[in-house]
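Each residue takes its place number in the sequence, starting with 1.
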Amino acid sequence: MPACEPLPLTSDVRPALPALRRMLDGQGPLLLPCAPGEEHGPGDAADTDDGGRTAGVAVATSGSTGTPKRAILPTAALRASAEATHDVLGGPGRWLLALPPHHVAGLQVVLRSLLAGHEPAPGPVGLSGAGFTAAGFARAVARAGESGQRPRYVSLVPTQLDRVLDDPAGTAALATFDAVLVGGAAARAELLDRAREAGARVVVTYGMSETAGGCVYDGVPLPGVRVRLDGAGSDGGRIELGGSTVASGYLGVESPAFTCVDGVRWFRTDDLGRLTDGRLEVRGRADDVIVTGGLKVAAHVVAEAVSAQLPDVPCVVVGLPDPHWGEVVTVVFVAAGDAARGVRSRWPAALVALRAALPAHAVPRRVETVPALPLRGPGKPDLGALRAALAR
């Protein structure tokens, strides 16, 4: 038997459930969740040796920058994550699967369901388009509700939440859940407010593949999870996450991001944050700095200022090559057709407000609109692909 074994996963996870059950019982081999047809991508060779680590999964990372890797999550880490989640939410319940199960957030929905004693309720799986629609979501919620099992949970990325809230039936279905986990990418405050006003019990999660998915809920670490900051700048320090849900390392790759201190595993993230009375506020990525005219600009600070002026339009802020400035601060709105024209017409007034709110060098000099952001993994903007597309 090979040390590692690819595990193709589709929206119909039933064929994979026996292997996942064996893994949860501590039996090998190390499983490599993947989409069909991707069984032999980078790091997926079946004869890869996991270095004698315990049974579990090696799940692909999906950061917005950097080289994809596989984080090794032992069975104990997966169980600890599921148990802590259920403790915080109100006990084991019935989960609706709406995220691709080869990514950590979707996989955790499957594993939490198995540990609760049942299969996940099938839903429309995908991030947008034909794979996930609000109408399909509403139908799936209705079918799942026929069992009468409570509590009921679902995990979504902001792209899906936005789509559901644009549909009355989807919005009504959303309000029937005991908790709606929202993670995978930063969610706009306006989007979260809309969801809560519609009756949805939203829980904002923070985590990554290296921490078995979300491990901080509404700013509070899950039981068994620790948070600390390394350094302290204007946007806080580098976030480090520790505890029982942290991966044992990357498959076939040594990384200084993982350490073990006094028996506690720690992972050093690429994010900056602040801790106030034990509550974590994520302030953005440590590598989102734009250098324009020799001056540094934190992209997330500009994005927050832009969103304050145009809260109903999703946006990201990136630096694009410029012969004069080196990089030019660019705001990219996600809008198409009449919505894009509306953004353009509203931009002059927003720009006046931004000039009063931001230092002169941080005010966006370029504005772009795109119908959708390129994505990597479970809803994370692929900023590298976006920069490459806009720099042409």
Side-chain angles (χ1 to χ4, degrees), residues 60-69 71 103-105 157-159 182-189 191 204-211 213-216 219 227-242 246-247 250 255-258 266-275 279-292 295-308 314-321 326-332 334 358-359 361-362 364 373-391:
T61 64
S62 55
S64 58
T65 61
T67 303
K69 299 177 285 292
H103 292 306
V104 69
V157 297
T159 303
V182 179
R188 309 185 320 275
L191 177 64
V204 179
T205 71
Y206 170 71
M208 55 280 299
S209 299
E210 292 89 345
T211 61
C215 63
V216 177
V227 178
R228 67 186 184 190
L229 303 179
D230 182 17
S234 59
D235 285 314
R238 183 75 68 97
I239 299 172
E240 297 184 350
L241 301 170
V246 173
Y250 292 124
S255 172
F258 291 99
W266 288 90
F267 175 68
R268 179 179 170 87
T269 76
D270 290 324
D271 298 321
L272 298 174
R274 294 173 178 161
L275 279 171
R279 187 177 294 273
L280 176 66
E281 177 191 4
V282 181
R283 297 291 299 161
R285 290 179 61 86
D287 59 0
D288 77 345
V289 174
I290 301 167
V291 180
T292 180
L295 298 174
K296 294 181 179 180
V297 176
H300 70 275
V301 171
V302 180
E304 290 172 0
V306 172
S307 293
C315 74
V316 296
V317 172
V318 296
L320 295 180
E327 285 185 298
V328 63
V329 179
T330 304
V331 58
V332 184
V334 183
L358 294 170
H361 66 278
L373 293 175
L375 300 177
R376 172 182 290 173
K380 294 179 183 291
D382 190 337
L383 299 183
L386 179 64
R387 291 189 191 98
L390 294 176

For the residue pair [X] and [Y], what are the closest heavy atoms and their distance?
X: Met208; Y: Thr269; answer: CE-CG2, 3.9 Å
X: Val182; Y: Ala187; answer: CG1-CB, 4.2 Å
X: Cys315; Y: Ala303; answer: SG-O, 4.3 Å
X: Thr292; Y: His361; answer: CG2-O, 3.5 Å
X: Ala71; Y: Ser209; answer: CB-O, 4.0 Å
X: Val306; Y: Pro364; answer: CG2-CG, 4.4 Å

Kindly indicate whether the side chain of [X], heavy atoms from C-beta on, has any atom under 4.5 Å from the side chain of [Y].
X: Arg238; Y: Asp270; result: yes
X: Val297; Y: Val302; result: yes
X: Glu240; Y: Leu229; result: no
X: Thr61; Y: Glu210; result: yes
X: Asp271; Y: Tyr206; result: yes
X: Pro321; Y: Glu327; result: no
X: Leu241; Y: Val216; result: yes
X: His300; Y: Val317; result: no

Rounded to the nearest 0.5 Å, the CD atom of Glu281 sits from the CD1 atom of Ile239 at a distance of 9.5 Å
Leu373/Thr159 under side-chain contact (heavy atoms from CB on, under 4.5 Å): CA gap, chis, key distance, verdict: CA-CA 10 Å; Leu373 293 175; Thr159 303; over 6 Å; no
Using 4.0 Å as the upper bound for N to carboxylate O, is an ion pair formed by Arg283 and Glu304?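 Answer for the salt bridge query: yes.
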Should the ring pair Phe258 and Phe267 be called parallel, tilted or perpendicular, given that the plane angle runs from 0 to 90° and is split at 30 and 60?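 Aromatic pair Phe258/Phe267 classed tilted.
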With side-chain contact (heavy atoms from CB on, under 4.5 Å) as the criterion, how do Arg285 and Leu272 come out once you've worked through the C-alpha distance, each side chain's angles and the decisive distance to 0.1 Å? CA-CA 6 Å; Arg285 290 179 61 86; Leu272 298 174; over 6 Å; no
side-chain contact (heavy atoms from CB on, under 4.5 Å), that's the test. Do Val318 and Ile290 meet it? Break it down for me. CA-CA 7 Å; Val318 296; Ile290 301 167; 5.5 Å; no
